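Working notes, structure below.
Letters go in sequence order (proteins before strands), and every chain restarts at 1. Treat the numbers as computed from the prediction; the structure is a model and nothing was measured.
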Number of protein chains: 2
Amino acid sequence: MAHQTVRHAPGLPDDSRAAVAEPTPSCPVEITLAALRGRWTTLVVRELLKGEHTFTQLAQALPALSDKVLTDRLAQLADSGVLVRDRRPGWPPRTSYRLTPRGRRLGPVLQALWDWGAAEGDTDWGAAKDDSGRGAAEGDSG
Amino acid sequence: MAHQTVRHAPGLPDDSRAAVAEPTPSCPVEITLAALRGRWTTLVVRELLKGEHTFTQLAQALPALSDKVLTDRLAQLADSGVLVRDRRPGWPPRTSYRLTPRGRRLGPVLQALWDWGAAEGDTDWGAAKDDSGRGAAEGDSG
DNA sequence: CAGCATCCATTCAGATACTG
DNA sequence: CAGTATCTGAATGGATGCTG
(Lines give C-alpha, C1' and ligand atoms only; values in the text may rest on other atoms or scores of the structure.)
Protein backbone atom coordinates (compact mmCIF):
# COMPACT_ATOMS: atom_id res chain seq x y z
CA MET A 1 0.00 0.00 0.00
CA ALA A 2 2.41 2.54 -1.04
CA HIS A 3 0.46 5.64 -0.81
CA GLN A 4 3.17 6.99 -2.96
CA THR A 5 3.22 10.61 -3.80
CA VAL A 6 1.46 11.36 -7.01
CA ARG A 7 3.90 12.08 -9.74
CA HIS A 8 3.55 15.63 -10.88
CA ALA A 9 5.41 17.98 -13.10
CA PRO A 10 8.22 20.00 -11.60
CA GLY A 11 6.98 23.30 -10.31
CA LEU A 12 3.45 22.10 -9.86
CA PRO A 13 2.21 21.94 -6.29
CA ASP A 14 1.67 18.57 -4.72
CA ASP A 15 -1.72 19.45 -3.36
CA SER A 16 -5.12 18.05 -4.14
CA ARG A 17 -6.32 21.51 -4.98
CA ALA A 18 -3.79 21.52 -7.79
CA ALA A 19 -5.72 18.78 -9.52
CA VAL A 20 -9.11 20.42 -9.81
CA ALA A 21 -10.89 19.76 -13.06
CA GLU A 22 -12.72 23.04 -13.15
CA PRO A 23 -12.41 26.50 -11.70
CA THR A 24 -13.27 26.37 -8.02
CA PRO A 25 -13.14 29.11 -5.41
CA SER A 26 -11.11 26.97 -3.04
CA CYS A 27 -8.15 26.76 -5.38
CA PRO A 28 -5.44 29.07 -4.05
CA VAL A 29 -4.74 30.41 -7.51
CA GLU A 30 -8.41 31.28 -7.90
CA ILE A 31 -8.41 32.96 -4.54
CA THR A 32 -5.60 35.25 -5.57
CA LEU A 33 -7.02 35.93 -8.99
CA ALA A 34 -10.38 36.69 -7.41
CA ALA A 35 -8.72 39.23 -5.14
CA LEU A 36 -7.01 40.90 -8.09
CA ARG A 37 -9.91 40.52 -10.49
CA GLY A 38 -11.26 43.42 -12.42
CA ARG A 39 -10.01 46.58 -13.93
CA TRP A 40 -8.14 49.02 -11.67
CA THR A 41 -7.66 46.53 -8.88
CA THR A 42 -3.90 46.23 -9.14
CA LEU A 43 -3.56 49.98 -9.43
CA VAL A 44 -5.48 50.48 -6.22
CA VAL A 45 -3.22 47.96 -4.52
CA ARG A 46 -0.19 49.72 -5.94
CA GLU A 47 -1.33 53.02 -4.46
CA LEU A 48 -1.86 51.43 -1.08
CA LEU A 49 1.54 49.78 -1.20
CA LYS A 50 2.87 53.32 -1.07
CA GLY A 51 0.99 53.92 2.15
CA GLU A 52 -2.33 54.75 3.69
CA HIS A 53 -4.78 56.67 1.52
CA THR A 54 -8.18 58.22 1.95
CA PHE A 55 -10.95 57.66 -0.53
CA THR A 56 -10.28 61.04 -2.07
CA GLN A 57 -6.56 60.48 -2.27
CA LEU A 58 -7.14 57.27 -4.14
CA ALA A 59 -9.57 59.01 -6.45
CA GLN A 60 -7.01 61.71 -7.12
CA ALA A 61 -4.24 59.24 -7.77
CA LEU A 62 -6.46 57.46 -10.28
CA PRO A 63 -8.51 60.28 -11.80
CA ALA A 64 -10.17 58.18 -14.48
CA LEU A 65 -11.54 55.75 -11.91
CA SER A 66 -15.18 56.36 -11.06
CA ASP A 67 -16.50 56.51 -7.52
CA LYS A 68 -18.60 53.47 -8.03
CA VAL A 69 -15.81 51.27 -9.29
CA LEU A 70 -13.46 52.55 -6.61
CA THR A 71 -16.06 51.63 -4.02
CA ASP A 72 -16.46 48.23 -5.63
CA ARG A 73 -12.74 47.59 -5.64
CA LEU A 74 -12.27 48.67 -2.05
CA ALA A 75 -15.08 46.38 -0.94
CA GLN A 76 -13.66 43.50 -2.95
CA LEU A 77 -10.19 44.03 -1.52
CA ALA A 78 -11.58 44.32 1.99
CA ASP A 79 -13.48 41.06 1.51
CA SER A 80 -10.27 39.45 0.34
CA GLY A 81 -8.47 40.58 3.43
CA VAL A 82 -6.15 42.82 1.47
CA LEU A 83 -7.03 46.09 3.14
CA VAL A 84 -8.88 47.51 6.11
CA ARG A 85 -11.07 50.56 6.38
CA ASP A 86 -10.38 53.04 9.09
CA ARG A 87 -13.37 55.28 9.45
CA ARG A 88 -13.04 58.34 11.60
CA PRO A 89 -15.94 59.96 13.35
CA GLY A 90 -16.73 63.63 12.91
CA TRP A 91 -17.28 65.89 10.00
CA PRO A 92 -16.34 65.81 7.25
CA PRO A 93 -16.10 62.05 7.17
CA ARG A 94 -12.64 60.67 6.57
CA THR A 95 -11.95 57.09 5.77
CA SER A 96 -8.48 55.74 5.45
CA TYR A 97 -7.54 52.56 3.70
CA ARG A 98 -4.42 50.62 4.36
CA LEU A 99 -3.13 47.21 3.51
CA THR A 100 -3.21 44.37 5.94
CA PRO A 101 -0.13 42.18 6.34
CA ARG A 102 -1.79 39.88 3.88
CA GLY A 103 -2.26 42.80 1.53
CA ARG A 104 1.37 43.76 1.75
CA ARG A 105 2.26 40.27 0.69
CA LEU A 106 0.70 41.05 -2.63
CA GLY A 107 3.91 42.95 -3.30
CA PRO A 108 5.82 39.85 -4.37
CA VAL A 109 2.82 38.64 -6.34
CA LEU A 110 2.62 41.85 -8.32
CA GLN A 111 6.36 41.66 -8.76
CA ALA A 112 6.03 38.21 -10.30
CA LEU A 113 3.32 39.48 -12.62
CA TRP A 114 5.47 42.46 -13.51
CA ASP A 115 8.54 40.36 -14.18
CA TRP A 116 6.75 38.03 -16.56
CA GLY A 117 5.11 40.86 -18.44
CA ALA A 118 8.31 42.84 -18.60
CA ALA A 119 10.44 40.00 -19.95
CA GLU A 120 11.27 41.13 -23.43
CA GLY A 121 13.92 38.62 -24.28
CA ASP A 122 10.89 36.43 -24.60
CA THR A 123 9.14 38.40 -27.27
CA ASP A 124 10.79 36.44 -30.03
CA TRP A 125 7.92 34.04 -29.97
CA GLY A 126 6.60 35.44 -33.19
CA ALA A 127 9.67 34.13 -34.95
CA ALA A 128 10.58 31.41 -32.54
CA LYS A 129 8.81 28.30 -33.66
CA ASP A 130 12.14 26.56 -33.46
CA ASP A 131 13.32 27.53 -30.07
CA SER A 132 10.99 25.12 -28.43
CA GLY A 133 12.88 22.17 -29.70
CA ARG A 134 12.65 20.46 -26.38
CA GLY A 135 9.51 19.08 -25.00
CA ALA A 136 7.57 21.06 -22.54
CA ALA A 137 7.59 18.39 -19.88
CA GLU A 138 11.22 17.63 -19.86
CA GLY A 139 13.20 18.01 -16.71
CA ASP A 140 13.72 21.56 -17.59
CA SER A 141 14.40 23.73 -14.63
CA GLY A 142 12.03 26.46 -15.41
CA MET B 1 20.27 66.38 -5.12
CA ALA B 2 21.21 66.58 -8.68
CA HIS B 3 19.18 63.84 -10.16
CA GLN B 4 17.33 62.31 -7.35
CA THR B 5 15.23 59.42 -8.40
CA VAL B 6 11.56 59.49 -7.73
CA ARG B 7 10.91 58.22 -4.29
CA HIS B 8 8.94 55.05 -4.40
CA ALA B 9 7.87 52.46 -1.95
CA PRO B 10 10.05 49.44 -1.36
CA GLY B 11 9.09 46.63 -3.64
CA LEU B 12 7.60 48.91 -6.25
CA PRO B 13 9.43 48.94 -9.54
CA ASP B 14 11.32 52.05 -10.48
CA ASP B 15 9.91 52.15 -13.96
CA SER B 16 7.75 54.74 -15.63
CA ARG B 17 5.23 52.05 -16.40
CA ALA B 18 4.80 51.60 -12.67
CA ALA B 19 3.33 55.07 -12.42
CA VAL B 20 0.47 54.78 -14.87
CA ALA B 21 -2.68 56.49 -13.76
CA GLU B 22 -5.02 54.11 -15.49
CA PRO B 23 -4.99 50.56 -16.82
CA THR B 24 -2.90 50.43 -19.96
CA PRO B 25 -1.93 47.42 -22.07
CA SER B 26 1.74 48.33 -21.96
CA CYS B 27 1.98 47.88 -18.22
CA PRO B 28 3.79 44.61 -17.55
CA VAL B 29 1.32 43.65 -14.88
CA GLU B 30 -1.53 44.18 -17.32
CA ILE B 31 0.27 42.12 -19.93
CA THR B 32 0.49 39.18 -17.58
CA LEU B 33 -3.05 39.54 -16.30
CA ALA B 34 -4.26 39.78 -19.89
CA ALA B 35 -2.51 36.50 -20.68
CA LEU B 36 -4.12 34.81 -17.68
CA ARG B 37 -7.48 36.54 -17.97
CA GLY B 38 -10.69 34.62 -18.07
CA ARG B 39 -12.06 31.49 -16.63
CA TRP B 40 -10.19 28.24 -17.24
CA THR B 41 -7.05 29.95 -18.44
CA THR B 42 -4.82 28.97 -15.58
CA LEU B 43 -6.10 25.42 -15.69
CA VAL B 44 -5.19 25.13 -19.34
CA VAL B 45 -1.72 26.40 -18.55
CA ARG B 46 -1.47 23.95 -15.69
CA GLU B 47 -2.27 21.06 -18.00
CA LEU B 48 0.33 22.19 -20.46
CA LEU B 49 2.91 22.55 -17.74
CA LYS B 50 2.59 18.80 -17.42
CA GLY B 51 3.50 18.40 -21.06
CA GLU B 52 2.26 18.55 -24.60
CA HIS B 53 -1.47 17.96 -25.12
CA THR B 54 -3.78 17.64 -28.06
CA PHE B 55 -7.05 19.50 -28.23
CA THR B 56 -8.90 16.38 -27.18
CA GLN B 57 -6.55 15.64 -24.34
CA LEU B 58 -7.11 19.09 -22.96
CA ALA B 59 -10.85 18.68 -23.36
CA GLN B 60 -10.69 15.39 -21.48
CA ALA B 61 -8.57 16.81 -18.72
CA LEU B 62 -11.10 19.63 -18.28
CA PRO B 63 -14.43 17.97 -19.08
CA ALA B 64 -16.61 20.91 -18.11
CA LEU B 65 -14.79 23.22 -20.49
CA SER B 66 -16.65 23.79 -23.75
CA ASP B 67 -14.99 23.56 -27.16
CA LYS B 68 -15.61 27.18 -27.83
CA VAL B 69 -14.02 28.44 -24.65
CA LEU B 70 -11.13 26.04 -25.02
CA THR B 71 -10.56 27.40 -28.50
CA ASP B 72 -10.76 30.92 -27.15
CA ARG B 73 -8.26 30.23 -24.43
CA LEU B 74 -5.83 28.52 -26.74
CA ALA B 75 -5.96 31.45 -29.15
CA GLN B 76 -5.51 33.89 -26.33
CA LEU B 77 -2.54 32.01 -24.94
CA ALA B 78 -1.02 31.68 -28.39
CA ASP B 79 -1.39 35.41 -28.91
CA SER B 80 0.31 35.99 -25.60
CA GLY B 81 3.23 33.84 -26.64
CA VAL B 82 2.50 31.27 -23.98
CA LEU B 83 1.99 28.29 -26.26
CA VAL B 84 2.45 27.15 -29.83
CA ARG B 85 0.21 25.05 -32.00
CA ASP B 86 1.71 22.11 -33.78
CA ARG B 87 -0.68 21.03 -36.47
CA ARG B 88 -0.02 17.74 -38.20
CA PRO B 89 -1.17 16.99 -41.71
CA GLY B 90 -3.21 13.91 -42.47
CA TRP B 91 -6.40 12.44 -41.17
CA PRO B 92 -7.69 12.58 -38.57
CA PRO B 93 -6.30 16.00 -37.81
CA ARG B 94 -4.10 16.19 -34.75
CA THR B 95 -2.99 19.38 -33.20
CA SER B 96 -0.61 19.50 -30.31
CA TYR B 97 -0.20 22.38 -27.95
CA ARG B 98 2.87 22.99 -25.93
CA LEU B 99 4.25 25.83 -23.91
CA THR B 100 6.93 28.11 -25.24
CA PRO B 101 9.86 28.98 -23.00
CA ARG B 102 7.89 32.08 -22.13
CA GLY B 103 4.94 29.92 -21.27
CA ARG B 104 7.01 27.74 -19.00
CA ARG B 105 8.04 30.85 -17.15
CA LEU B 106 4.44 31.16 -16.03
CA GLY B 107 5.30 28.39 -13.59
CA PRO B 108 6.80 30.78 -11.04
CA VAL B 109 3.97 33.24 -11.62
CA LEU B 110 1.34 30.63 -10.87
CA GLN B 111 3.40 29.58 -7.88
CA ALA B 112 3.30 33.12 -6.54
CA LEU B 113 -0.45 33.23 -7.04
CA TRP B 114 -0.79 29.87 -5.36
CA ASP B 115 1.35 30.86 -2.41
CA TRP B 116 -0.63 33.97 -1.67
CA GLY B 117 -3.94 32.22 -1.96
CA ALA B 118 -2.77 29.31 0.15
CA ALA B 119 -1.39 31.45 2.97
CA GLU B 120 -3.70 30.81 5.88
CA GLY B 121 -1.62 32.29 8.65
CA ASP B 122 -2.76 35.51 7.11
CA THR B 123 -6.38 35.12 7.86
CA ASP B 124 -6.15 37.38 10.86
CA TRP B 125 -8.01 40.07 9.00
CA GLY B 126 -11.28 38.79 10.26
CA ALA B 127 -10.23 39.67 13.77
CA ALA B 128 -8.01 42.52 12.77
CA LYS B 129 -10.58 45.24 13.03
CA ASP B 130 -14.04 46.20 14.05
CA ASP B 131 -14.57 45.39 10.48
CA SER B 132 -18.08 44.66 11.56
CA GLY B 133 -19.90 41.79 10.14
CA ARG B 134 -17.85 40.59 7.30
CA GLY B 135 -15.76 37.70 8.48
CA ALA B 136 -14.90 36.68 4.98
CA ALA B 137 -13.82 33.12 4.94
CA GLU B 138 -11.39 32.38 2.23
CA GLY B 139 -12.84 32.48 -1.18
CA ASP B 140 -16.28 31.29 -0.50
CA SER B 141 -17.70 33.81 -2.81
CA GLY B 142 -16.53 34.19 -6.24
C1' DC C 1 -16.33 63.48 2.10
C1' DA C 2 -17.49 58.96 1.25
C1' DG C 3 -20.36 56.31 -0.21
C1' DC C 4 -24.97 53.71 -2.28
C1' DA C 5 -28.88 53.10 -5.99
C1' DT C 6 -30.10 52.93 -10.62
C1' DC C 7 -29.59 52.48 -15.44
C1' DC C 8 -27.03 51.31 -19.77
C1' DA C 9 -23.22 49.59 -22.93
C1' DT C 10 -19.89 46.23 -23.41
C1' DT C 11 -17.71 41.94 -22.52
C1' DC C 12 -17.76 37.18 -21.46
C1' DA C 13 -19.08 32.28 -20.89
C1' DG C 14 -21.67 28.60 -22.35
C1' DA C 15 -24.80 26.09 -25.62
C1' DT C 16 -25.81 24.69 -30.17
C1' DA C 17 -25.09 23.86 -34.96
C1' DC C 18 -22.00 23.38 -38.73
C1' DT C 19 -17.30 22.42 -41.46
C1' DG C 20 -12.37 21.02 -43.36
C1' DC D 1 -10.50 15.51 -34.70
C1' DA D 2 -10.27 20.20 -34.34
C1' DG D 3 -12.06 23.68 -34.93
C1' DT D 4 -15.68 28.11 -36.66
C1' DA D 5 -20.21 30.79 -36.46
C1' DT D 6 -24.01 32.43 -34.06
C1' DC D 7 -26.93 33.30 -30.18
C1' DT D 8 -28.33 34.12 -25.26
C1' DG D 9 -27.76 35.14 -20.33
C1' DA D 10 -24.66 36.74 -16.87
C1' DA D 11 -21.18 39.57 -15.23
C1' DT D 12 -18.64 43.90 -15.53
C1' DG D 13 -17.58 48.81 -16.07
C1' DG D 14 -18.98 53.36 -16.23
C1' DA D 15 -22.27 57.54 -15.85
C1' DT D 16 -25.46 59.94 -13.10
C1' DG D 17 -28.06 61.26 -9.10
C1' DC D 18 -28.91 61.00 -4.11
C1' DT D 19 -27.64 60.62 1.04
C1' DG D 20 -25.51 60.43 5.99
Side-chain angles (χ1 to χ4, degrees), chain A residues 21-25 30 33-44 47-48 52-80 83-98, chain B residues 20-25 30 33-44 47-48 52-80 83-98 129-134 139 141-142:
Chain A
E22 60 187 287
T24 164
E30 292 293 322
L33 289 177
L36 297 178
R37 175 160 310 150
R39 230 182 151 202
W40 297 99
T41 310
T42 58
L43 293 181
V44 171
E47 288 308 307
L48 291 176
E52 192 169 340
H53 282 65
T54 65
F55 190 93
T56 301
Q57 286 173 328
L58 288 171
Q60 286 172 344
L62 304 169
L65 171 57
S66 72
D67 284 9
K68 182 218 174 222
V69 175
L70 178 53
T71 299
D72 286 352
R73 292 296 165 263
L74 291 171
Q76 167 190 341
L77 290 169
D79 280 354
S80 304
L83 56 80
V84 288
R85 279 182 5 166
D86 186 8
R87 196 163 204 163
R88 295 209 215 147
W91 195 268
R94 282 252 155 190
T95 307
S96 293
Y97 293 88
R98 63 190 155 72
Chain B
V20 291
E22 59 187 290
T24 164
E30 292 294 322
L33 290 176
L36 297 178
R37 174 159 310 151
R39 228 182 153 205
W40 297 99
T41 310
T42 58
L43 293 181
V44 171
E47 288 307 306
L48 292 175
E52 191 169 340
H53 282 65
T54 66
F55 189 95
T56 301
Q57 286 173 328
L58 288 170
Q60 285 172 345
L62 305 169
L65 170 57
S66 72
D67 284 9
K68 184 227 173 209
V69 174
L70 178 53
T71 299
D72 285 353
R73 292 296 165 264
L74 291 171
Q76 167 189 342
L77 290 169
D79 279 354
S80 305
L83 56 80
V84 287
R85 282 188 354 174
D86 185 9
R87 195 161 206 165
R88 296 210 214 147
W91 195 267
R94 280 250 155 195
T95 307
S96 293
Y97 294 86
R98 64 192 150 71
K129 217 44 182 176
D130 53 305
D131 197 28
S132 77
R134 192 64 180 93
S141 68

- Item | CG-CG distance between A:L48 and A:L74, expressed to the nearest 0.5 angstrom | 7.5 Å
- Task: Please round to the nearest 0.5 Å and tell me the distance separating atom CG of B:D86 and atom OG1 of B:T54.
- Result: 11.5 Å
- Query: Looking only at atom types and distance, does a side-chain atom of B:Q76 sit under 3.5 Å from a main-chain N or O of B:A35, one as donor and one as acceptor?
  - Reply: yes
Between protein and nucleotides 18-20 of chain C, what N or O pairs are separated by less than 3.5 Å?
none

- Task: Determine, stepwise, if the pair B:T71 / B:K68 fulfils side-chain contact (heavy atoms from CB on, under 4.5 Å).
- Result: CA-CA 5 Å; B:T71 299; B:K68 184 227 173 209; 5.7 Å; no
Taking only nitrogen or oxygen atoms into account, show me every contact under 3.5 Å that the protein makes with nucleotides 3-5 of chain C, one pair per line with its distance.
from: C:dG3; atom 1: OP1; to: A:R85; atom 2: NH1; distance (Å): 3.0
from: C:dG3; atom 1: OP2; to: A:Y97; atom 2: OH; distance (Å): 2.1

- Task: State the CG-OG1 distance between B:L33 and A:T41, to the nearest 0.5 angstrom.
- Result: 9.0 Å
- Task: With sequence neighbours excluded, tell me which residues meet side-chain hydrogen bond (donor to acceptor under 3.5 Å, both in side chains) with B:E30.
- Result: none
- Message: Rounded to whole Å, how long is the line connecting atom CZ of B:R37 with atom C1' of C:dT10?
- Response: 14 Å
- Task: For B:R73, answer base if it contacts any base atom (sugar-phosphate contacts may also be present), sugar-phosphate if it contacts only those atoms, and nothing otherwise; contact means non-hydrogen atoms under 4.0 Å.
- Result: sugar-phosphate
- First and last nucleotide of DNA chain D, 5' to 3', lying under 4.0 Å from heavy atoms of chain B: D:dC1 to D:dT6
- How many angstroms lie between atom CZ of A:R73 and atom CG of A:L62, to the nearest 0.5 angstrom? 12.0 Å
For residues 87-97 of chain A, tabulate all N or O donor-acceptor pairs below 3.5 Å that involve a side-chain atom, not counting sequence neighbours.
from: A:S96; atom 1: OG; to: A:E52; atom 2: OE2; distance (Å): 3.1

- Using the side-chain contact (heavy atoms from CB on, under 4.5 Å) rule, take A:V44 and A:L65 through it: C-alpha gap first, then chi angles, then the decisive distance, then the call. CA-CA 10 Å; A:V44 171; A:L65 171 57; 4.2 Å; yes
- Item | A:Q60: side-chain contact (heavy atoms from CB on, under 4.5 Å) partners, not counting sequence neighbours | A:T56
